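FYI, side chains are in, hydrogens and waters are out, and symmetry mates aren't considered; it's all heavy atoms of this structure. These figures come from a predicted structure and were not determined experimentally. Chain letters run A, B, ... following the sequence lines, proteins first and then strands; every chain starts at 1.
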Amino acid sequence: MKTLAALPKQTSAPAKLISPSTAARTPTRIAPAVSTESQFVPLIHASKVVLHLRQIHAQILLQGFSWSSLLATQLVSASSLRNAIDYSISVFSQYHPKNVFLFNALIRGLVKNARFEVALSHFVLMLRSDARPDRMTYPFVLKSTAQLFLRRLAGELHCMIFKTGVELDSFVENSLINGFLAAGLLDKAKAAFDQMPEKNVVTWTTMVNGFSQNGDNEKALSVFSRMLEENVRPNDFTVVSALSACAKIGAVEAGLRIHKYIKDNRFRLNAAIGTALVDMYAKCGNIESASQVFSETKERDILTWSVMIWGWALHGRFQQAVQCSKQMLRSGIKPDEVVFLALLTACTHAGQVDLGLNIFDSMRLDYQIDPSMKHYSLIVDLLGRAGRLNEALKFIEEMPINPDLVIWGTLFCACRAHKNVEIAEFAVTKLLELEPKHPGSYVFLSNAYAAVGRWEDAERVRSSMQDKGVGKGPGWSHVEVDGQVHRFVAGDNAHHKDANEIHQKLEEIMSGARKQGYMPGTEWVLHNIEEEEKEDALGSHSEKLALAFALIQTSPKTAPIRIVKNLRICGDCHSLMKYASIMSQREIIVRDIKRFHHFKDGTCSCGDYW
DNA sequence: GTAGGGTTAG
């Protein structure tokens, strides 16, 4: 065994600026004898744990090598990759002067450890120092701005790169595009993309993903198609992004094509691709295919399980959701907070109150997961729907975090459904207290005012909502016909080329339904938050337009009609869909913001409980 | 003369 005594004598100037207290206490025998500083580099690379790095650090000092920026950089880099970012920062702060390598190593390490603000603050330090950022610096800085959605900074970095003449390589350019997309600067992203001479697979993937993140999933899918036309080979990242775009808008035909592409091109069904496929099928209403792909996916991580459990929950398949989570436990994966959200959602939709409460307790006691506001609001919903309002109130009062507007709103809706004026009024008072802090939740508040007869206040809230432009946005529905996604907006089909025909068809459906007992009207539902505006003629709700369009465009014996809606389906549309499923003898699948409704032979899979 | 890199799913 080599010891320090066997190592060569000091040959260079003593170490500077390292305090021994930061080095390990027993710096013996870690490394073989070395005679030059560069020989430490492979030792640093080979170190598996931070303790070894600390020992090497100490040995460098004891041997009296000049403490070079090379070694400092290597230590910063190696420790940041071994989850010891605080040690990286301490090494960084001890070495002077700091050059571009050292800054880059630290910024990279901070980004890898998701410390984006700190990364940016070190970038600012860098600008104030003598070290000039180079083409290695910008990708990480841009990643930080992207993660933090910093709009202005993305533009400023763009200018800085041009002003300082940093070499533009594909890494810098792709990062710039991603920075623009993350900041919502679609035009800038598109301009940068269009003028890029050599777009690689990452460039294309960034665009697909970026459009999808910005809610323009149709555009994301068209970019993906263009990429194939230009013979750029997608990689795993690309197909996952494209599948995610399909999932968001329920584009099952596009999703099927991508699945076929994956099979034809022999992509390995790894956890990422398997998960994306399961998610796509589940969110497109095809839960059986989701389940099929899930069983074919042998490599599963927690995301794979959680999208499957979510899928069952969304489709109201409570038993399978529970089954699936048990199977997950048996396979040795511990549930996280999202899995619990999925399970609690499944309980809520199935009216399984006591089981839901047990699951909630188990989450805290058996898995040490602190419930988030979302978990709490699911429990309030669970109790509230079942009419256990006093329990719900008690539960809220005992919550360890301050209940937000959603919590009180959920309680309020439950009270209204179960006609408990007393607790409803209490919930409204709480909503009022919270009003100034929640500019985004005016609809809720306005409903609350209306419910207690304060019409002027209701109107005031509604108009201030319009002034501030924080409206919930128009309700829309999608329906896919022959792989094309068609979007309908509530009360506005005038611009559609088939407007007359759609209107006629809708009339036909409604009069047919009336003969069978359909009563137009705002049927009572538990939650009418985010329903489309009542004052819109019911006949023009976007899902009805989509239904009429799909009935015109597709032949009777084909696949189910799948409609995706951005808000909750209203009671009237829900009722009409049931009649429409009888008259057309078609299966109609509606995905609203909360769950799936499978209408068949006059009934809905949600059992009218939603 | 110079160590180091960008995109994905609930």
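- No contact: Glu337(A) has no heavy atom under 4.0 Å from any strand.
- Here Val338(A) lies in heavy-atom contact (under 4.0 Å) with a base.
- In this structure, Arg135(A) fails the cation-pi test against Phe171(A), since its NZ or CZ atom is not both closer than 6.0 Å to the six-membered ring centre and inside 45 degrees of the ring normal.
- Tyr138(A) comes within 4.0 angstrom of no nucleic acid atom, judged by non-hydrogen atoms across all strands.
- Going from atom CG of Leu70(A) over to atom P of dG1(B) covers 17 Å, rounded to whole Å.
- Ser77(A) comes within 4.0 angstrom of no nucleic acid atom, judged by non-hydrogen atoms across all strands.
- Nucleotide dT7(B) holds its P atom 8 Å from the CZ atom of Phe140(A), rounded to whole Å.
- Separating the CG atom of Leu181(A) from the C1' atom of dT7(B) is a distance of 11 Å, rounded to the nearest angstrom.
- Using a 4.0 Å heavy-atom distance criterion, Thr304(A) is classed as making no nucleic acid contact.
- Dashed line: the shortest gap from a side-chain N or O of Gln147(A) to OP1 or OP2 of dT7(B) is not under 4.0 Å.
- Candidate nucleotides dG5(B), dT7(B), dA9(B) were compared by shortest atom distance to the side chain of Asp169(A), and dG5(B) ranks first.
- Nearest to the side chain of Trp310(A), among dG5(B), dT7(B), dG10(B), sits dG10(B).
- Taking the ring axis of Tyr367(A) as reference, the NZ or CZ atom of Lys334(A) does not stay both within 45° of it and closer than 6.0 Å to the ring centre.
- When heavy atoms are screened at a 4.0 angstrom cut-off, Asn270(A) is found touching no nucleic acid atom at all.
- Ring-to-base geometry places Phe237(A) in a stacked arrangement with dT7(B) (centre distance under 5.5 Å, plane angle under 30°).
- For the pair Lys199(A) NZ and dT7(B) C1', the computed distance is 16 Å after rounding to whole Å.
- Atom C1' of nucleotide dA9(B) and atom CH2 of Trp305(A) are separated by 17 Å, given to the nearest angstrom.
- As a whole-Å value, the separation of Arg595(A) CZ from dG10(B) P is 20 Å.
- Remark: Arg115(A) engages Asp86(A) in a salt bridge, criterion side-chain N to carboxylate O under 4.0 Å.
- Among the protein residues, Ala272(A) comes within range of the nucleic acid bases, having at least one heavy atom under 4.0 Å from a base atom.
- Distance from the side chain of Val202(A) is smallest for dT7(B) among the nucleotides dT7(B), dA9(B), dG5(B).
- In this structure, CG of Leu303(A) is placed 10 Å from P of dA9(B), rounded to the nearest angstrom.
- Geometrically, Lys98(A) engages Phe92(A) in a cation-pi contact, judged by NZ or CZ lying under 6.0 Å from the ring centre and within 45° of the ring axis.
- Contact of the Lys143(A) side chain with the Ser175(A) side chain is not registered, since no non-hydrogen atoms from C-beta on lie closer than 4.5 Å.
- Not one side-chain nitrogen or oxygen of Asn209(A) sits closer than 4.0 Å to the OP1 or OP2 atom of dT7(B).
- Residue Lys143(A) places none of its side-chain N or O atoms closer than 4.0 Å to OP1 or OP2 of dG5(B).
- Within 4.0 Å of Asp236(A), counting heavy atoms only, lies no atom of the nucleic acid at all.
- Annotation for Asn265(A): atom CG counts as buried by contact number, over 12 foreign heavy atoms lying within 6.0 Å.
- If you take CD of Glu299(A) and P of dT8(B), they are 20 Å apart, rounded to a whole angstrom.
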